[in-house]
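Numbers here simply count residues along the sequence, with the first being 1.
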Amino acid sequence: MEEDDVSIREQNFYSQVRECIICFLLFAILYIVSYFIIKRYKRKADEQEDEDVTVNRVSLFLSTFTLAVSAGAVLLLPFSIISNEILLSFPKSYYIQWLNGSLIHGLWNLVSLFSNLCLFVLMPFAFFFLESEGFAGLKKGIKARILETVVMLILLALLIFGIVWVASALIDNSSASMESLYDLWEFYLPYLYSCISLMGCLLLLLCTPVGLSRMFAVMGQLLVKPTILEDLDEQMYIISLQEEALQRKLNGGRSVVDNNMKRIEHDLLNAKAMKCKLERRKNASPWERNLVYPAVMILLLIATSFSVILVTCNILRLLVDETAMPKGSKGPGIGNASLFTFGFAGAALEIILIFYLMVSSVVGFYSLRFFGSFTPRKDDTTMTKESLDSICWATLGDSTGWETSTSS
């Protein structure tokens, strides 16, 4: 009996160690990818003085960490779907025994924990740390900037606490509701996290339809359109003449007003960009012009229509069928039953739609007028803007699971 207890404890110990190693490897991969993404868009001129270098490195680390957590939150639902189908296809395989329900639930718990940490601690600290200069009268340096950042975080926490207190009083003005706010860990932080997730869901509901409509225009810019009733040689000749005329004005216009010079330079850049697009269309193969573009547009139309139909059906089912609600349904667990009628093919289709909705949300987010200024540019994005982008992605990443599960 004692040997059985020892073997069970050893199995649990090795299982926990294995899960920790797998979680660490997955997060390391996400962190490396996130680091290269941020470095690709980070402005090189940000690194100046030694103090600013340290501040930028700390902010870079925190932004990368937040982006990795957001990516993990976005990818967890497809990962769970794939894991369930793999366990159903190979239930007794020795090489996938590490892929179990305990690992999946552990990943969800870790993502939830680190999402709270990034939203409430790390990213506010990174933003205020970048903007801080130290209080007047104190010696300038890293310590002064850290002190100012901590004070700003305390003031921000008091402000948010007051806002939540007022909102709770307006919704439920009972003594029990007020006393529950004193319990920070059990009630206040989950309540605040739910409010932020609700804001993210509302933002996704606004971004996704805009992104679905913008996907056609974006793909039209990336792909080569068919040349129907168009003479590319004539257009190339006209653009070349315009470019030569603008270049002569620019070379011989020393006495021209500065405003006119800027306008001429702008027109010259537009002419060169248009010439490059025409050259790309002219050099494209007939297959690329006449087959790829219509096929991609048809696939986008099918994916958009199918997504809208699925979302509509699931919303109606949530309104009519009480068992479809999360509180009324208990899942069979990882690897016990397929969640889709068509098995692995249905799971693959669901994952494709999830990624399509994610990409549409990204396109729609940066297409909104208010968030258009947050669009990262290659080698020309400040750390402050990247910190704000990381905050937005952390909020959206926590809400993506809700949106994609609604469309499932």
Given Ile86 and Ile82, is the side chain to side chain contact (heavy atoms under 4.5 Å, CB included) satisfied, shown in steps? CA-CA 6 Å; Ile86 290 177; Ile82 294 174; 3.6 Å; yes

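- A side-chain contact (heavy atoms from CB on, under 4.5 Å) with Phe79 is found for exactly one of Asn84, Val74, Ile104, namely Ile104.
- In this structure, CG on Leu87 lies 4.5 Å from CG on Leu99, to the nearest 0.5 angstrom.
- Annotation: the span from Ser361 atom OG to Leu206 atom CG amounts to 10.5 Å, rounded to 0.5 Å.
- Rounding to the nearest 0.5 angstrom, the gap separating the CZ atom in Phe355 from the CG atom in Leu357 is 11.5 Å.
- For Val151, the side chain to side chain contact (heavy atoms under 4.5 Å, CB included) partners at least two apart in sequence or on another chain are Phe135, Leu147, Leu155.
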Just list the side-chain donor-acceptor pairs under 3.5 Å for residues 27-38, sequence neighbours left out, or say none.
| from | atom 1 | to | atom 2 | distance (Å) |
| --- | --- | --- | --- | --- |
| Ser34 | OG | Leu30 | O | 2.7 |
| Ser34 | OG | Ala68 | N | 3.4 |

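- Using a 4.5 Å cut-off on side-chain heavy atoms (C-beta onward), Leu300 and Met219 make contact.
- Residues forming a side chain to side chain contact (heavy atoms under 4.5 Å, CB included) with Ile146 (at least two apart in sequence, or on another chain): Phe129, Ile142, Val150.
- Proximity of a side-chain donor or acceptor of Ser112 to a complementary backbone N or O of Trp108 within less than 3.5 Å is not detected.
- Separation of atoms SG (Cys207) and CG (Leu212) is listed at 11.0 Å; rounding is to 0.5 Å.
- A side-chain donor-acceptor contact under 3.5 Å links Ser213 to the backbone of Val210.
- In plain terms, the two heavy atoms of Met297 and Phe216 that are nearest each other are CE-O, 3.4 Å.
- Annotation: salt bridge (Lys or Arg N to Asp or Glu O under 4.0 Å) contacts involving residues 296-305, sequence neighbours excluded, are absent.
- Considering only residues two or more places apart in sequence or on other chains, Leu25 meets the side chain to side chain contact (heavy atoms under 4.5 Å, CB included) condition with Ile21.
- Nearest heavy-atom pair, Val363 versus Arg214, reported as atom, atom and distance to 0.1 Å: CG1-CB, 3.8 Å.
- The line from CG of Leu75 to OG of Ser80 is 10.5 Å long, rounded to the nearest 0.5 Å.
- The side-chain heavy atoms of Ile354 and Ile81, taken from C-beta on, include a pair separated by under 4.5 Å.
- With contacts defined as side-chain heavy-atom distances shorter than 4.5 Å, the pair Leu60/Lys39 qualifies.
- Taking CZ from Phe365 and CG from Leu204, the interatomic distance works out to 9.5 Å, rounded to the nearest 0.5 Å.
- Heavy atoms only, all atoms of each residue included: Val111 and Val69 are closest at O-CG1, 4.3 Å.
- The two atoms that bring Leu156 and Pro124 nearest to each other are CD2-CB, 4.3 Å, heavy atoms only.
- Contact of the Met152 side chain with the Ser132 side chain is not registered, since no non-hydrogen atoms from C-beta on lie closer than 4.5 Å.
- Partners of Ser305 under the side chain to side chain contact (heavy atoms under 4.5 Å, CB included) rule, at least two apart in sequence or in another chain, are Leu301.
- Nearest approach of Arg145 to Leu130, heavy atoms of both residues: NH2-O, 3.4 Å.
- Residues Ile351 and Pro78 approach most closely at CD1-O, 4.0 Å, considering heavy atoms.
- Contact of the Met123 side chain with the Ser63 side chain is registered, since non-hydrogen atoms from C-beta on lie closer than 4.5 Å.
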